[in-house]
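Take a look at the structure below.
Chain naming here is simple, since letters A, B, ... match the order of the sequence lines and numbering starts at 1 in each.
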Protein chains: 2
Amino acid sequence: MKTKATSLDIAYQAGVSQSTVSRALRNSPLVNEETRKKIHALAKELNYKVDKNASNLRSQHTGTLALLLFEDPTSDDSMINPFFLSMLGCITRAAAKNGYDLLVSFQQLSEDWHADYEDASKADGLILLGYGDYVDYEDKLKQLNEQETHFVRYGTIEEGQTGVSLGCDNFSGGYQMTQHLISLGYQTFAFLGGADEHCPEFKDRYLGHCKALREANIKIVPHNQIDAISTEGSGFSAANQLIQQHNLPEAVFCASDMIAVGALTAFQKQGINVPKQVALAGFDDIQVAHLTSPELTTMQQNTKLAAEVLVESLIKKIHDLPVESALIPAKLIIRESCGGKPNG
Amino acid sequence: MKTKATSLDIAYQAGVSQSTVSRALRNSPLVNEETRKKIHALAKELNYKVDKNASNLRSQHTGTLALLLFEDPTSDDSMINPFFLSMLGCITRAAAKNGYDLLVSFQQLSEDWHADYEDASKADGLILLGYGDYVDYEDKLKQLNEQETHFVRYGTIEEGQTGVSLGCDNFSGGYQMTQHLISLGYQTFAFLGGADEHCPEFKDRYLGHCKALREANIKIVPHNQIDAISTEGSGFSAANQLIQQHNLPEAVFCASDMIAVGALTAFQKQGINVPKQVALAGFDDIQVAHLTSPELTTMQQNTKLAAEVLVESLIKKIHDLPVESALIPAKLIIRESCGGKPNG
DNA sequence: CTGAAAGCGCTTACAG
DNA sequence: CTGAAAGCGCTTACAG
């Protein structure tokens, strides 16, 4: 085994003290330009890198962010929700852009996630991501807060909730989509997706949906709201249940694209044409949304922006700057699955 | 700011030495069962976690793996290749299963990736992932090897290559798929995807394709191999180029599903029916493959297994155990896009 | 601008 | 089974 170079080796070869090497490497203005250059050259030559554990231990911060991804326990073990996977990609980029490393961890198993990362000095702060049932997590979030652990979560904003939450404007998204469907002339509706406090983002989408319906004097049919989690299989089942109820509505708004994709298959298997016999809309604008046939009309979440806001807010929290919860607007993407004229 | 509990705090409260606390917390058999329990209880009460930086520094290993994801520089900035995103998910799981944390990093920018992680004691080893142009990287890999940095890469296996490589059996995959197409009665073929040393996995798929063709005495038409990288847009362009060449072949084998998805759109825009007028096959079996219409016949990569092998091999390397390069078989998934009878 | 010294919070020989 | 002590490789007051 080769032995790794340390700052002492460099100090020895440069004929300066170890402190000076440390300063030079961090480009402290306290160091003479020439010695600084000499030391940098030597470091490069010896393939020296500052030991992160040592510097973290000494300076008491890590320069890394931990992303904790909560998965729907019911979802297929091998598959991660594509929306979160894409968020993960954007967050990694955003973290790198801000000079932080990113530790990624799936959290369906560990019970101790609320403490494992920042408390163990693995990360300076946590990003919580997932269609998590924050009702269940609330206690742990409280505990995080008491321990002064820095965290931000991606999700809904609620009265009196613990910590900072960044999220998509689900209510307005549900509202906009429904208005669009109404403007297309549809009169009867269904909503596929859980709508209670255990799936708060879906609930907000549903509430926005209902608001648009009420404004247009369209009756809300309670049994046309059918629970589903964000998987194809769940969307498939929910759509089949809807079909069996008879009186198929003219338009079906799904709480997520994954649900919509499953519903699309269900309709097509029953010989029900989308959009001619039923209009179908999703939410998220994941990649598959424009690859189905018909292409899916949906509300686009701006994952890149969301990731940046998440990372930047967390960094602010780490530096004890004030951060507010905030909503990120969703954008209506009109394609083929609802009839009307596609705009993109 | 609250001050974090240290092992000394626990030692004080438990009335033992700090060494004993350290031992107890790592469940050393050297510690009396009762004191062990007392210390664990105290740790929980005080919300104590072992400081990773301190323990890593002292023990000289990190318990984390770094995943370096090389992206096709030409691909859309906001979008990560879905195949690698799914690998990422599986690798995170596999790392967790083996008790390691995972540091994730995209590497299109940094020049120093070959040293940044293990040398800085951020990780015990590196996983290299991406349709990377390993021709360009070879020098850096050599350097990694010289520094005795532990790494494994996901990719092709080549004569005299540096380090351990795990990958899909692309050659056999290309061969199998082509045999399947031939068995369906197709006589003329195109291959969409780069086939030179800069995209070694595509090249192997192409070589397997050619072997099957030769065995069936089917002429290989060089201008029917059209370069493409693994994006929809590139697949779209390649298919359009093929269409403009006239004499559309009966079957088009795409080097990846993303290419196939783009090609499908191109064919459909030109009113060319898939599979009636042209059969279309992909590779990877990414999620969208079964959502297109017609559903895509493809070669499935076993991402879960690949991730586990990758992680386990790297861990072996870290422990200086011998590791061999290995190929993971791909599986033919017959759906609709090539005609014939779907099997699943 | 530079150096000597302390100390971050652990793990691990060493001695008992 | 337990404790006292050294030391991992840095950063950072402190003194000059």
Side-chain angles (χ1 to χ4, degrees), chain A residues 1-40 42-43 46-64 116-124, chain B residues 1-40 42-43 46-64 116-124:
Chain A
M1 287 293 275
K2 101 228 121 149
T3 46
K4 236 171 48 178
T6 72
S7 54
L8 267 173
D9 299 325
I10 299 196
Y12 179 76
Q13 293 204 24
V16 296
S17 75
Q18 186 264 335
S19 335
T20 299
V21 171
S22 174
R23 288 191 193 98
L25 258 15
R26 280 172 300 116
N27 294 315
S28 157
L30 292 175
V31 172
N32 175 292
E33 182 59 17
E34 259 176 57
T35 45
R36 198 189 64 80
K37 277 189 186 154
K38 179 161 53 162
I39 288 167
H40 273 269
L42 228 33
L46 299 180
N47 223 307
Y48 170 79
K49 299 277 161 188
V50 172
D51 185 297
K52 273 287 162 190
N53 289 311
S55 68
N56 290 346
L57 174 58
R58 181 54 232 249
S59 56
Q60 296 293 300
H61 58 76
T62 67
T64 105
D116 258 11
Y117 284 83
E118 187 171 340
D119 285 355
S121 297
K122 290 181 185 175
D124 295 335
Chain B
M1 287 294 275
K2 100 229 120 149
T3 47
K4 237 171 48 177
T6 72
S7 55
L8 267 171
D9 299 327
I10 300 197
Y12 179 77
Q13 294 204 26
V16 298
S17 75
Q18 185 264 335
S19 334
T20 300
V21 171
S22 174
R23 288 191 194 96
L25 258 14
R26 280 172 300 116
N27 293 316
S28 157
L30 292 175
V31 172
N32 175 292
E33 181 58 17
E34 259 178 57
T35 46
R36 198 188 66 78
K37 276 189 187 154
K38 179 161 54 160
I39 288 168
H40 274 269
L42 227 32
L46 298 180
N47 224 306
Y48 169 79
K49 300 278 162 186
V50 173
D51 185 296
K52 273 289 162 187
N53 290 311
S55 68
N56 291 346
L57 174 60
R58 181 55 232 247
S59 57
Q60 295 293 299
H61 58 75
T62 67
T64 106
D116 258 12
Y117 285 84
E118 186 169 341
D119 287 354
S121 297
K122 291 180 185 175
D124 294 336

task = Mind calculating the distance between NE2 (A/H61) and P (D/dC10) to the nearest angstrom?
result = 15 Å

message = Donor-acceptor check, side chain of A/T64 to backbone of A/K122, threshold 3.5 angstrom: yes or no?
response = yes

task = Give the rounded distance in Å between these two atoms: CG of B/L30 and P of C/dT12.
result = 12 Å

query = In the structure shown, which nucleotide is the Watson-Crick or G-U wobble counterpart of D/dA4, with both distances under 3.5 Å?
reply = none

message = For a quick check of understanding: with a heavy-atom distance under 4.0 Å over all strands, which category does B/S121 fall into, base, sugar-phosphate or nothing?
response = nothing

query = Do other residues, nucleotides or ligands put more than 12 heavy atoms under 6.0 Å from A/E34 CD?
reply = no

ask   = According to a strict under-4.0 Å criterion, is B/T20 in side-chain N/O contact with OP1 or OP2 of D/dT2?
value = no

request  = Ignoring backbone atoms, test whether A/R26 places a side-chain nitrogen or oxygen under 4.0 Å from the OP1 or OP2 oxygen of D/dC10.
outcome  = no

task = Tell me which of B/V31 and B/A54 sits closer to the 5' end of DNA chain D, going by the nucleotide each one is nearest to.
result = B/V31

ask   = What's the CD-P distance between A/Q60 and C/dC10, to the nearest Å?
value = 10 Å

key: Sugar-phosphate only, base, or nothing, as touched by B/S22 at under 4.0 Å among non-hydrogen atoms   = base

ask   = Is any side-chain nitrogen or oxygen of B/S17 closer than 4.0 Å to OP1 or OP2 of D/dT2?
value = no

Rounded distance in Å - CG (B/D51) to P (D/dC8) = 18 Å

request  = Could you tell me the separation between the CG atom of A/L57 and the C1' atom of D/dT12, rounded to a whole number of Å?
outcome  = 13 Å

request  = Take the protein atom NZ of B/K52 and the nucleotide atom P of D/dC10, then report the distance between them rounded to whole Å.
outcome  = 20 Å

inquiry  = Please classify the nucleic acid contact of B/S55 as base, sugar-phosphate, or nothing, using heavy-atom distances under 4.0 Å.
reply    = sugar-phosphate

task = Please confirm whether the backbone N or O of A/N53 pairs with a side-chain atom of A/N56, one donor and one acceptor, at under 3.5 Å?
result = no

task = Report the base-pairing partner of D/dA13 (Watson-Crick or G-U wobble, both distances below 3.5 angstrom), or none.
result = none

ask   = A/I10 and A/L42: which non-hydrogen atoms are nearest, and at how many Å?
value = O-CD2, 4.0 Å

ask   = Can you tell me how far OG of A/S55 sits from NE2 of A/H61, rounded to the nearest 0.5 angstrom?
value = 7.5 Å

query = Expressed in angstrom and rounded to an integer, what is the separation of B/N53 atom CG from D/dC8 atom P?
reply = 17 Å

request  = Indicate, with a heavy-atom threshold strictly under 4.0 Å, whether A/S19 touches base, sugar-phosphate, or nothing.
outcome  = base

request  = Look at B/T6 and C/dC8 and indicate whether a side-chain polar atom (N or O) is within less than 4.0 Å of OP1 or OP2.
outcome  = no

task = In whole angstrom, give the distance that lies between atom CZ of A/R23 and atom P of D/dC10.
result = 15 Å

Short side-chain N/O contact from A/R58 to OP1 or OP2 of D/dG9, under 4.0 Å = no

